[in-house]
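Input: a single structure, listed below in structure tokens.
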Protein chains: 2
Amino acid sequence: MTAKLTANDIGATCVCLGIRKAARQVARRYDDAFRPLGITSGQFSILAALLREEPVALGALADTLGMDRTTLNRNLKPLEQGKLVATSATKDDRRVRGLSLTEKGHTLLDRAIPIWRRAQADSERRLTATQWPRFRSQLRALG
Amino acid sequence: MTAKLTANDIGATCVCLGIRKAARQVARRYDDAFRPLGITSGQFSILAALLREEPVALGALADTLGMDRTTLNRNLKPLEQGKLVATSATKDDRRVRGLSLTEKGHTLLDRAIPIWRRAQADSERRLTATQWPRFRSQLRALG
DNA sequence: ATGATGTAGGTGTAATTACACTCTAATGTC
DNA sequence: GACATTAGAGTGTAATTACACCTACATCAT
């Protein structure tokens, strides 16, 4: 008899379900926006992170993206095959794999950023300007 | 020169990256909690949704979970193999696939719910009681 | 120096995600 | 009733996610 109430509570209140559900829906919208360029929202995030600092070690980039190291490794494969990202060996530590954007990667990113701005504006509109910064700090608190 | 600033902006403000990053981190914690039972956080969400209403059509369940219909179809495979979920044909419309928990599914869920409560309390603690309901409505606004 | 410990990264396996396409059954039109 | 359209579901392919396990390199202690 409490079972039915519990079931409703879980669906409505579960932090994990709530955030994953929202994440799927948001990602689908960004994926739609980037589709003409042949990249996904996740691939865009990787490329944009590389724009920030190049070259960057795989592990450091994984931390930045809050992603498992091995997940990032797999996600890099299509980007390397598409010649958007390249690996460079580092002198001081031969274990680390330095990741950088290629010329082609930079060019694609230049085309992707205006598209990102539109998708971003659309998502922010759903949150109201004043809510998003607060929401963002809450996302970080969950990390 | 604006490029570097843009790069930082994207990493810090992108709604898609922010929510997916947080979703990965939250899911990892729930996955850890459920591991002793041999299920993932995503599988728990499916089982809990079935507790709410049985039997349920695949498409309707996918909507509830904000998941693509075909994704749910794939995610059901391990649950059916583990005999936690069963399919029943419906009389009135032979296209729909009715999904229900098995006896084994109910038993597992009974053991999973106390674990969920602990993981849930942990996540809510990170958001503060007053923030989570608001955060939840923001997640829904993104859908 | 050499042996222990730790760190960066890769691979095997398995689940999660979803688009494009297909099949089948229901429904609506004539 | 025959045919077109619509709706529910499954499959091919490919990317995303991550744990367990492995290798190679670096660093530290003795």
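Values reported hereafter were calculated over all heavy atoms of this structure, with side chains retained and with hydrogens, waters and symmetry mates removed. Here is how names work: the chains are called A, B, and so on, in the same order as the sequence lines, proteins then strands, and each is numbered from 1. No experiment lies behind these values; they were computed from the predicted model shown.
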* **Pairs where residues 32-44 of chain B contributes a residue and the test salt bridge (charged side-chain N to carboxylate O under 4.0 Å, His left out) is met, not counting sequence neighbours** => B:Asp32-B:Arg35
* Asked: Are the charged groups of B:Arg97 and B:Glu80 less than 4.0 angstrom apart, N to O?
  -> yes
* To do: Could you tell me whether A:Ala57 contacts a base, only the sugar-phosphate backbone, or nothing, with contacts defined as non-hydrogen atoms closer than 4.0 Å?
  => sugar-phosphate
* Taking for each residue the nucleotide of DNA chain C with the nearest heavy atom, is it A:Ala60 or B:Gly66 whose nucleotide lies nearer the 5' end? -> A:Ala60
* Would you say B:Leu108 and B:Leu101 make side-chain contact, with heavy atoms under 4.5 Å? -> no
* Asked: Is it true that the side chains of A:Thr70 and A:Asp68 contain a donor and an acceptor less than 3.5 Å apart?
  -> yes
* **Atom-to-atom span, CE of A:Met67 to P of D:dC19 - whole angstrom** => 13 Å
* Asked: Do the side chain of A:Arg69 and the main chain of A:Leu58 share a donor and acceptor less than 3.5 angstrom apart?
  -> no
* To do: Return the value, rounded to whole Å, for the distance between atom CG of A:Leu72 and atom C1' of D:dC19.
  => 16 Å
* Using a cut-off of 4.0 Å on non-hydrogen atoms, how would the nucleic acid contact of A:Arg97 be classed: base, sugar-phosphate, or nothing? -> sugar-phosphate
* **Nearest-nucleotide comparison on DNA chain D, the residue closer to the 5′ end among A:Thr40 and A:Thr70** => A:Thr40
* Asked: Do B:Ser41 and B:Asp31 have side-chain atoms, one donor and one acceptor, less than 3.5 Å apart?
  -> yes
* How do A:Asn75 and B:Arg69 order along DNA chain D: which one's closest nucleotide is nearer the 5' end? -> B:Arg69
* To do: Write down the distance between CG (A:Asp93) and C1' (D:dA24), rounded to a whole number of angstrom.
  => 11 Å
* Return the 5'-most residue of the pair A:Val96, B:Ile46 with respect to DNA chain C, ranking by each residue's nearest nucleotide. => A:Val96
* Separation of B:Arg24 atom CZ from D:dC19 atom C1', in whole Å? -> 16 Å
* Side-chain donor/acceptor contact of B:Arg95 with base of D:dA9 under 3.5 Å -> no
* **Outermost DNA chain C nucleotides near chain B [under 4.0 Å, heavy atoms]** => C:dT16 to C:dA26
* Please determine if a side-chain N or O atom of B:Asn73 lies less than 4.0 Å away from the OP1 or OP2 oxygen of D:dG10. => yes
* Answer yes or no: is there an ion pair linking A:Glu124 with A:Arg118, defined by an N-O contact shorter than 4.0 Å? => no
* Asked: In whole angstrom, what separates A:Arg94's CZ from D:dA26's C1'?
  -> 10 Å
